[in-house]
Amino acid sequence: MEAPAGTRRSSLALAATFALGNLPLMCEAALSQDAEDGVTVAEAPYHQVLASLRDPSGVFADQATAVGAVLLRATDLERFGPVDDTLLAELRAAFPAALKALSERTRKPLVVGFLPASRAQDRFVRWERGIAAELAELPGIAVLGPDDWTRDHHVDERFDERTERLAHLPFTPRFQAAVALSLAEVVRAVRRPAPKVIAVDGDETLWGGVAGEAGPQAVDVTGPRALLARRLLQWRAAGALLALVSNNDEATVRAVLDRPDSLLKAEHFSVLSAAWGPKPTRLAEAARTLDLGLDSFLFLDDNPAEIAKMRSALPQVLSVTCPPAAELDGFLGRLWPLVPAAATAEDTLRVRFYEQERERDAVRGQAGFEEFLDQLELEVDIRALGEDDVRRAEQLVRRTNQFTLRARSSDGADLARWRERGEVWTAAARDRFGDYGQIALLALHAEGGRLDVVAWTMSCRALGRGVEERLLRWLADRADELGCAKVRLSAERTPRNVPARRLLAALGGGDQDDERLDVVVAPDHLRTFRSWEQQ
């Protein structure tokens with residue numbers, strides 16, 4: 001079925017060291033089952049994997065490509081002639097380098113799958129395992145081994161020697177179907193919105209054993225538990241926040257984390273909740289502390305009863321039962337096929353920002369609000385949107401749902417339209433505690449003596465500390481520069497944009513619960529407005 005005119009169909013770029021046959025069509029069928037806009041598969045030229053990875057105009061670099069998949073078999077390297085150990089070593093370095101460079105250049109997820117061979121030489125097996133181990137440590141790349149394709153899709157006969165000999169099609173139709181289904185599952189997983197907060201239980205989840213009974217020194221933080229800890233640290237490096245929600249005394253939890261063999265330390269957690277109250281109540285409190293929606297949380301606990309309570313009390317949270325240690329490796333591969341690379345500088349700043357927020361809270365608790373704002377020493381830098389800002393700007397449009405004037409368009413082309421029709425400005429902020437990064441986007445259009453604010457999107461971490469007032473004053477100045485006597489701001493009600501509607505209601509005296517708010521004011525009104533005086 002054709003996608004409706006005007007919609008953008010996402011694409012899976014697919015390359016392999018063997019002929020793909022019907023595999024692309026099978027992948028399209030498997031992926032399109034739950035994709036509203038449809039999914040197409042773009043094939044790289046046969047047997048040209050390295051060249052396709054490096055090609056700046058190839059299928060992997062195409063803007064429509066959402067995910068790239070590379071299917072490798074070392075035995076295929078000899079399809080057109082022998083490969084000696086020297087060439088094999090060169091290819092051993094070239095493939096990971098090309099994949100890493102592609103991931104860093106496109107910032108799109110990659111799935112690298114190693115396919116089985118009916119008769120594999122030991123040196124080829126070592127080649128594949130070496131590359132797989134190297135890639136497994138890289139963010140943005142998921143790795144599947146030769147046995148992963150049939151783990152959930154059993155196939156009796158994998159190889160077809162006749163079609164391999166005639167057309168370099170090594171696999172039976174049933175095994176191709178298993179590959180397509182497995183690949184589709186991983187692609188769906190890597191395309192899900194990444195959690196902003198990963199909340200994890202302590203006993204029998206983050207460590208083996210019950211710390212309150214066995215003692216902090218007796219629980220197990222090694223082996224598979226260390227694998228979980230490493231994965232959590234990788235997610236933290238990509239910008240996710242970590243929270244520990246454990247039924248324990250805080251001193252006991254801190255003693256476990258203080259152990260030299262514990263990879264995770266207390267400072268790695270933006271929220272450390274060690275107590276005996278209901279976990280849903282404590283997780284909701286963590287969300288309030290971080291000022292983040294519960295729908296951005298992932299919760300891991302080994303106890304199915306705790307998972308059931310969380311799902312019942314907080315259905316917005318993705319709550320997942322964590323398996324025993326022996327099953328953790330496979331579980332992490334399914335839950336986190338890859339750890340995303342930090343897409344922007346703001347992603348890497350996020351964790352540090354919440355650490356600095358504790359220092360801000362300490363000052364806020366000791367001073368009145370205006371005095372607190374004075375002590376922040378806030379600086380806001382507003383500049384015309386440049387090409388270097390576009391990736392973060394697109395991220396702000398895609399992720400922001402609280403301070404935004406209206407819902408984003410389904411086609412994802414809002415930013416491009418704003419740039420075509422008027423001005424787009426971006427704002428970064430910092431205070432004496434640290435850098436907020438690029439936190440706001442303003443799209444403007446001046447006509448007939450009026451400056452229309454077409455869009456205003458702002459990160460929730462900038463709210464309530466004077467950034468709004470700085471931007472309003474700047475809007476007043478910009479209106480004067482363009483000869484506009486009025487500034488118009490409009491907001492359409494969405495389920496989450498209460499902060500934006502509250503500000504516009506205070507500016508114009510309307511009701512924040514109206515379906516639409518239209519505010520037209522003189523620039524001087526924007527200069528004198530103080531949101532905290534309207535409380």
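The structure presented is a predicted model; accordingly, all values stated were derived computationally and were not measured.
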Would you kindly say whether Gln395 and Arg398 are connected by a side-chain donor-acceptor distance under 3.5 Å? no
Could you measure the distance from the CG atom of Leu332 to the CD atom of Gln234? Nearest 0.5 Å is fine. 10.0 Å
Show every donor-acceptor pair shorter than 3.5 Å between a side-chain atom in residues 377-386 and any protein atom, with sequence neighbours excluded, or say none if there are none.
{"unit_1": "Glu379", "atom_1": "OE1", "unit_2": "Arg430", "atom_2": "NH1", "d": "3.1"}
{"unit_1": "Asp381", "atom_1": "OD2", "unit_2": "Arg383", "atom_2": "NH1", "d": "3.3"}
{"unit_1": "Arg383", "atom_1": "NH2", "unit_2": "Asp389", "atom_2": "OD1", "d": "2.8"}

Heavy-atom closest pair (Glu306 atom, Phe299 atom, distance to 0.1 Å) is O-CE2, 4.5 Å
What are the two closest heavy atoms between Ala189 and Pro337, and how far apart are they? CB-CG, 3.6 Å
Electrostatic pair Glu370-Arg530, nearest N-O below 4.0 angstrom: no
Side-chain contact, heavy-atom cut-off 4.5 Å: Asn303 with Thr205? no
Does a salt bridge link Arg501 with Asp514, judged by any charged N lying under 4.0 Å from a carboxylate O? no
Less than 3.5 Å apart, any donor N or O on the side chain of Arg417 or Ser409 sitting next to an acceptor on the other? yes
Taking only Lys NZ, Arg NE, NH1 and NH2, and the carboxylate oxygens of Asp or Glu, determine whether Asp414 and Arg406 approach each other closer than 4.0 Å. no
Is it true that atom CD of Glu447 has more than 12 heavy atoms of other residues, nucleotides or ligands lying nearer than 6.0 Å? no
Check Thr404 against Ala500 and note the closest heavy-atom contact, atom names and distance. O-CB, 3.4 Å
For Trp474, what residues pass the ring pair (Phe, Tyr, Trp, His ring centres under 6.0 Å) criterion, not counting sequence neighbours? Trp425
Phe60: what forms a ring pair (Phe, Tyr, Trp, His ring centres under 6.0 Å) with it, not counting sequence neighbours? none
Against Val70, only a single residue in Leu99, Leu102, Val111 fulfils side chain to side chain contact (heavy atoms under 4.5 Å, CB included); can you say which? Leu99
Check: Leu135 and Leu110 side chains under 4.5 Å, non-hydrogen atoms: no
